[in-house]
Every structure is written in C-alpha cells, then in structure tokens.
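FYI, the numbering just counts along the sequence from 1. The figures that follow rest on heavy atoms only: side chains count, while hydrogens, waters and symmetry mates do not. Since this is a predicted model, take the numbers as computed values, not measurements.
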Amino acid sequence: MKSADGANAVQLLLLVGGLTLVPALLFTVTGFTRILVVLGFIRQGLGTQTAPPNQVLVGIALFLTIFVMAPTFKEIKKDAIDPLQAHKITQKQAFERGQEPLREFMFRQTRTSDLALFVKLGKLKTPKTRRDIPTYVLIPAFIISELKTAFQIGFLIFLPFLVIDLVVSSTLMSMGMVMLPPVFISLPFKILLFVLVDGWNLVTRSLVESFH
C-alpha cells in the first residue's frame, strides 16, 4: 500500500509540474508569438512606451490566437477529445490524434530552411515525408519561422513611423530648433496617422490573413 501511495504521489507531482508548462507549450505551438511580437513593434513604432500596457497587448494576442487557432482546436476536439471522453480510444491514441492538427498547422507556417536546420542540428537522417520529422524538431523550427515572420511584418509597420520621425527631425534642424526633442512633435502625428488609417483594423486583418 505504501509503495502504491508513493507512486501515486510521484505521478501527482509530475502532473502538477507538467500543468505549469502547458501555457508555455501552447504559446510555442500556436500563433501567439507572432501576434505578440508584432503588437510590440506597433507600440515601439508609435513611441508610446506604456500604451497599450503589457497586460492589454498580451490579452489581445491571446484572444487573436484563440481566433486564429479555432479551426485547429475544433479538429483536435473532434478527433481526439470527444472519442477519448466517449471511451472509444485510449489516452495514447488521443495524444497521437491530437497532435496531428497542431503539426499540420506548424508545418504550414514553418519554412523548409528552418526545418532543415534543426534536422541537421539533430543529426537526423534526411526525412522523406513530414511524418518522418519528429515533433521536437518541428517545434523549434516553427518558433524560429514565427519570429522571422513577425520581424518582417514589424519592419513594414515600422517604416511609416520612421519616415515621420525623419521628416520631423529634419524640419526641426532646418528651423534651428535642435534643443527640442523630435519625439515631442512626431508622437502626435504618428498617433494621428495610425488612427486615420484605422491601424488596428489593418494590423489585425494582416495578422490573421498571414496564417492562411
């Protein structure tokens, strides 16, 4: 009895420890990273250091991630969770079925060059099909691809704000107002531009469409 209780205690401890990793795991196998990084670029480009605050950016990124991942989550529920709850499949089968939609999503967003990099670093044989690529190789390749895509989008977002900063800075220098920080003048113009072009609408649409 004591050995059984000890084994159960160890299993419970491992389960609790594993649950703490679930948020990090979900963030690294979904579009959360790309969305949050792009939102950070928007705030940096505008020059508003604390608006929107971090909590708001994370909240927006979380719910946009849920929106983007909804088809994948529905497929996981239909193929893995519902049959498991109906006792039609085992937990192992549910895990295998559940990871397939996530793998498919990650493959669509991952560059071949990034996959090849981690296959080489892992010293694996050249895979013939996607099924030959282990998940532990796919996940870091997916993360690197997401970061690259996020920085590409962020660069395009940053350009118009940079142009405004340059124009304001050049204007102030030509007027001899070198002691006046350009950010005091450019910030209202950048916010006005972002509002006039309906920036949040454009960025949100571009982010969601970038996953298709």
Side-chain angles (χ1 to χ4, degrees), residues 23-77 101-115 138-174 180-212:
L25 180 63
L26 289 177
F27 292 158
T28 53
V29 299
T30 64
F32 182 83
T33 301
R34 181 192 305 187
I35 296 171
L36 186 59
V37 171
V38 171
L39 293 178
F41 268 111
I42 294 174
R43 185 173 67 179
Q44 190 71 24
L46 284 171
T48 54
Q49 300 300 322
T50 58
N54 290 333
Q55 294 87 342
V56 174
L57 290 184
V58 172
I60 295 172
L62 178 60
F63 283 99
L64 281 179
T65 301
I66 294 174
F67 179 81
V68 168
M69 298 297 299
T72 302
F73 290 154
K74 288 179 181 178
E75 192 172 349
I76 293 173
K77 184 177 184 298
L102 275 178
R103 282 173 57 88
E104 182 62 30
F105 171 80
M106 287 188 286
F107 273 121
R108 290 200 305 268
Q109 308 301 327
T110 305
R111 293 174 174 81
T112 304
S113 58
D114 294 325
L115 278 174
L138 174 59
I139 291 177
F142 168 74
I143 295 172
I144 296 300
S145 291
E146 284 293 281
L147 287 174
K148 183 175 181 179
T149 302
F151 273 72
Q152 288 174 340
I153 298 174
F155 173 76
L156 295 177
I157 291 173
F158 222 95
L159 278 181
F161 297 131
L162 179 61
V163 170
I164 293 176
D165 285 333
L166 290 175
V167 170
V168 170
S169 179
S170 300
T171 303
L172 291 177
M173 289 185 65
S174 64
L180 180 65
V183 67
F184 288 162
I185 306 300
S186 63
L187 180 59
F189 285 103
K190 289 190 287 187
I191 295 176
L192 179 62
L193 173 65
F194 195 70
V195 172
L196 288 178
V197 300
D198 200 1
W200 290 114
N201 186 301
L202 291 174
V203 170
T204 301
R205 182 171 61 184
S206 298
L207 273 173
V208 173
E209 290 179 349
S210 69
F211 289 98
H212 296 159

Notebook entry, point to check: Can you list every pair that meets salt bridge (Lys or Arg N to Asp or Glu O under 4.0 Å) and has a residue in residues 56-68, with sequence neighbours left out?
Noted result: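 The answer is none; no pair qualifies.
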Item checked: Sequence neighbours excluded - salt bridge (Lys or Arg N to Asp or Glu O under 4.0 Å) pairs with any residue from residues 57-75 ->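 Matches after skipping sequence neighbours: none remain.
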Mind checking what makes side chain to side chain contact (heavy atoms under 4.5 Å, CB included) contact with [X], not counting sequence neighbours?
X      : value
Leu115 : Phe107, Thr110, Ile133, Leu138, Ala141
Leu202 : Val197, Arg205
Phe63  : Ile66
Pro140 : Phe118

Item checked: Partner residues of Lys148 under the salt bridge (Lys or Arg N to Asp or Glu O under 4.0 Å) criterion, sequence neighbours left out ->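 Partners of Lys148 by the salt bridge (Lys or Arg N to Asp or Glu O under 4.0 Å) criterion come out as none, since no residue qualifies.
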Notebook entry, point to check: Can you check side-chain contact (heavy atoms from CB on, under 4.5 Å) on Met69 and Leu102, steps first, answer last?
Noted result: CA-CA 9 Å; Met69 298 297 299; Leu102 275 178; 3.9 Å; yes
Kindly compute the distance separating [atom1] ([X]) from [atom2] ([Y]), expressed to the nearest 0.5 Å.
X      : Y      : atom1 : atom2 : value
Leu64  : Leu207 : CG    : CG    : 7.0 Å
Arg103 : Thr72  : CZ    : OG1   : 14.0 Å
Phe67  : Thr65  : CZ    : OG1   : 11.5 Å
Phe194 : Phe161 : CZ    : CZ    : 5.5 Å
Ile153 : Ile157 : CD1   : CD1   : 7.0 Å

Give every donor-acceptor pair under 3.5 Å between a side-chain atom in residues 29-43 and any protein atom, sequence neighbours left out.
from  : atom 1 : to     : atom 2 : distance (Å)
Thr30 : OG1    : Leu26  : O      : 2.7
Thr30 : OG1    : Phe32  : N      : 3.4
Thr33 : OG1    : Phe27  : O      : 3.4
Arg34 : NE     : Glu146 : OE1    : 3.3
Arg34 : NE     : Glu146 : OE2    : 3.3
Arg34 : NH1    : Ser210 : O      : 3.2
Arg34 : NH1    : Ser210 : OG     : 2.8
Arg34 : NH2    : Gln109 : OE1    : 3.0
Arg34 : NH2    : Glu146 : OE2    : 2.5
Arg43 : NH1    : Pro52  : O      : 2.8
Arg43 : NH1    : Asn54  : OD1    : 3.0
Arg43 : NH2    : Asn54  : OD1    : 2.8

Checklist line | side-chain hydrogen bond (donor to acceptor under 3.5 Å, both in side chains) contacts in which one or both residues fall within residues 151-164, not counting sequence neighbours | finding: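 Of all non-adjacent pairs touching residues 151-164, those that pass side-chain hydrogen bond (donor to acceptor under 3.5 Å, both in side chains) are Arg111-Gln152.
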Margin query: Has Lys190 got a side-chain atom pairing as donor or acceptor with Ile164's backbone, closer than 3.5 angstrom?
Written below: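 Absent.
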Check: By ring-ring contact (aromatic ring centres under 6.0 Å, His included), which residues pair with Phe211, not counting sequence neighbours?
Finding: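 ring-ring contact (aromatic ring centres under 6.0 Å, His included) list for Phe211, sorted by chain: empty.
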Check: Would you find more than 12 non-hydrogen atoms of other residues, nucleotides or ligands less than 6.0 Å from Phe73 atom CZ?
Finding: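 Correct, the count exceeds 12.
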Note to self: Thr204: which residues meet the side-chain hydrogen bond (donor to acceptor under 3.5 Å, both in side chains) condition with it, sequence neighbours left out?
What the structure shows: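 Not a single residue meets the side-chain hydrogen bond (donor to acceptor under 3.5 Å, both in side chains) criterion with Thr204.
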